2 protein chains.
Amino acid sequence: MTSPTGTQAVDRAAQLLREVVHCPDAVTFTELATATGLAKSTTSRLLMALERGGLVRRDDHGGFRPGEMFVGYAWRGGAEAGLVAVARPFLDRLGDVTSETINLGVASNGMVEQIAQVESTYLIGGTNWVGLSVPLHCAALGKVLLAYGAAQLPPGRLEHRTARTITGRAALQSDLAEVRRRGYAVTDEELEPGLIAVAAPVYSGGAAVMAALSVSGPASRLTRDRIQHVAAACIAQANALSAALGYPPQREGAA
Amino acid sequence: MTSPTGTQAVDRAAQLLREVVHCPDAVTFTELATATGLAKSTTSRLLMALERGGLVRRDDHGGFRPGEMFVGYAWRGGAEAGLVAVARPFLDRLGDVTSETINLGVASNGMVEQIAQVESTYLIGGTNWVGLSVPLHCAALGKVLLAYGAAQLPPGRLEHRTARTITGRAALQSDLAEVRRRGYAVTDEELEPGLIAVAAPVYSGGAAVMAALSVSGPASRLTRDRIQHVAAACIAQANALSAALGYPPQREGAA
DNA sequence: TCGCATAGTTCCATCTTACGGAACCGTGTT
DNA sequence: AACACGGTTCCGTAAGATGGAACTATGCGA
């Protein structure tokens, strides 16, 4: 059994809860019972306890959905603060692996907002960009958000930042297609001369991308070969973060 | 004891979880133990189980915060869907009491978006407005959202809808002050001739208003006296909804 | 540098509490 | 009307949860 140490009631309840919360739409009693392999009676009692605690709610047709505690939390805007905290270890790990500057960004009215950062261990590295917003089309984070539909390009001309900035919409579209194809984005001195960044998508719901994770550094260090390597690491951590947020395929109980 | 029927482990865990989720910032182990009155050992075991289940997370300094399950849910946008579901019974109750059209609205880029509705039982009543956005300054919902800082008035002229629409910013400000003073907003044929509505704020976090609840009907039925009465009912249900979302003062375990 | 206090985890004997099979209820179906 | 299905309640059993105390870790003051 998967009972590390005497608390299987709560573990089982959490298991049920996970099913309910993960599932985009209502889950039925029987689905829960079979999914977790618990006896009907046990399932019933646990669900009633969860309901009592406001963790689960049953809709008109008996389907289960996340309860007031979840809804209240979401409305209180815990999301962003929480994301940063949940993401931190993954950023750190990526920082350890690459030694470069790591950023987590989300779309915020037509720009990328960087919401968390890990400093490079090199002397030459990024300054602190947290809170800073940059245009979508010339940042690796932004390209990812655009490519996966987490942001829409604002109307108007695409701002010209460097000689390499992509300012044509058609050119940008084909670049985004490329991003989708290989699973990560690159900006090669398109935002600022000498600055290269790669970014990968963070999934957080069926197929929805909510945030992006990037590695940035000077062109001198991020050579063609190294970009491949860094991109792989970036994708790996982005995926791990996605998993932590709940939504890859489905999960069972096991460590 | 408050154990309705054999599941106190889960009930206690839910109690702990509630403390953690309700609290805007991290909660310490000891605070939890004392707040719930559980033995240290029990608290420890339960928290470990919750942590294992991804319901709770401990930050660097040992403080407890809502875990990945909450963050993931919030990021998946469960908020809006959930709000409607959680709110439904309150809307229904308000509908029963007033027999008028009930709406739940949130701010959405400079407008009020109606996200749920209960139809009037009268033949003359509102049509279906769900999904419809109306200007903030001439809707009762919008005035509430403005008055409590849940929405900002977009720049530019205030659209003129009827002879009574308030189009002066100063006049609107004093109306909003009035809203704050008495706790509810009224639009008296300011959006559409013959349409009167009252609305009250839905709190969902410390002092933050996230949504508003309204009662609308024809001027013929919503007379001056009746408005008082309806407003009281509206406020009552709005408060009840706020409570359901978690955040009035604090709660203890008791039915 | 060394205790001491504070904070949290692990142990363990006790017995309460959760378990699951079966009986039971309520509803929608043919 | 009788049935199948989905869910809740009952009840004896024993397994899991409990809390006090012992123990470990960490920070604090002297």
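Predicted model, so just to flag it, every value in this text is computed and none were measured. In what follows, chains are A, B, ... by sequence order, proteins preceding strands, each numbered from 1.
The separation between Phe29(B) atom CZ and dT10(C) atom P is 11 Å, rounded to whole Å. Note: CG (Leu46(A)) to C1' (dT9(D)) measures 15 Å, nearest angstrom. For the pair Leu50(A) CG and dT8(D) P, the computed distance is 13 Å after rounding to whole Å. In this entry the distance linking CG of Leu32(A) with C1' of dT8(D) reads 16 Å, nearest Å. Taking atom CE of Met48(B) as the reference point, atom C1' of dC11(C) lies 13 Å away to the nearest angstrom. The CG atom of Leu16(A) sits 14 Å away from the C1' atom of dC19(C) (whole-angstrom rounding). Atom-to-atom, CG of Asp11(A) to P of dC19(C) comes out at 11 Å; the value is rounded to the nearest Å. Arg12(A) places its CZ atom 11 Å from the C1' atom of dA15(D), with the value rounded to the nearest Å.
The minimum heavy-atom distance linking Phe90(A) with Ala240(A) is given by the pair CE2-CB, 3.4 Å.
Applying the salt bridge (Lys or Arg N to Asp or Glu O under 4.0 Å) definition to pairs two or more places apart or across chains, those involving residues 226-241 of chain B are Glu100(B)-Arg226(B).
Both Leu38(B) and Thr43(A) lie close to DNA chain D; mapped to their nearest nucleotides by heavy-atom distance, the more 5′-ward contact belongs to Thr43(A). Nearest-nucleotide positions on DNA chain D place Lys40(A) closer to the 5' end than the other of Lys40(A) and Ala39(B).
In the set dC19(C), dT10(C), dT9(D), the nucleotide with an atom closest to the side chain of Gln8(A) is dC19(C). Checked against dG7(D), dA17(D), dT9(C), the side chain of Arg58(A) finds its nearest nucleotide in dG7(D). The side chain of Thr42(A) lies closest to dG20(C) when the candidates are dG8(C), dG7(D), dG20(C).
Donor-acceptor pairing under 3.5 Å, judged by distance alone, is present between the side chain of Arg45(B) and the base of dG19(D).
Overall bending of the helix from dT1(C)-dA30(D) to dT30(C)-dA1(D), expressed as the angle between end axes built from five pairs apiece, is 40° (10° steps).
The CG atom of Leu55(A) sits 11.5 Å away from the CG atom of Leu16(A) when rounded to the nearest 0.5 Å. A distance of 4.5 Å separates CZ of Arg52(A) from CG of Asp11(B), quoted to the nearest 0.5 Å.
In this model, the phosphate group of dG7(D) is approached by a side-chain N or O of Thr30(A) to a distance below 4.0 Å at OP1 or OP2.
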- Message: Set out, in order, the CA-CA distance, both residues' side-chain angles and the distance that settles ring-ring contact (aromatic ring centres under 6.0 Å, His included) for Phe70(B) and Phe70(A), then state yes or no.
- Response: CA-CA 6 Å; Phe70(B) 284 91; Phe70(A) 284 91; 4.2 Å; yes
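A donor-acceptor pair under 3.5 Å is absent between the side-chain atoms of Ser214(A) and the main chain of Leu141(A), judged by distance alone. A donor-acceptor pair under 3.5 Å links the side-chain atoms of Ser242(A) to the main chain of Tyr203(A), judged by distance alone.
Within 4.0 Å (heavy atoms only), Ser41(A) reaches at least one base atom of the nucleic acid.
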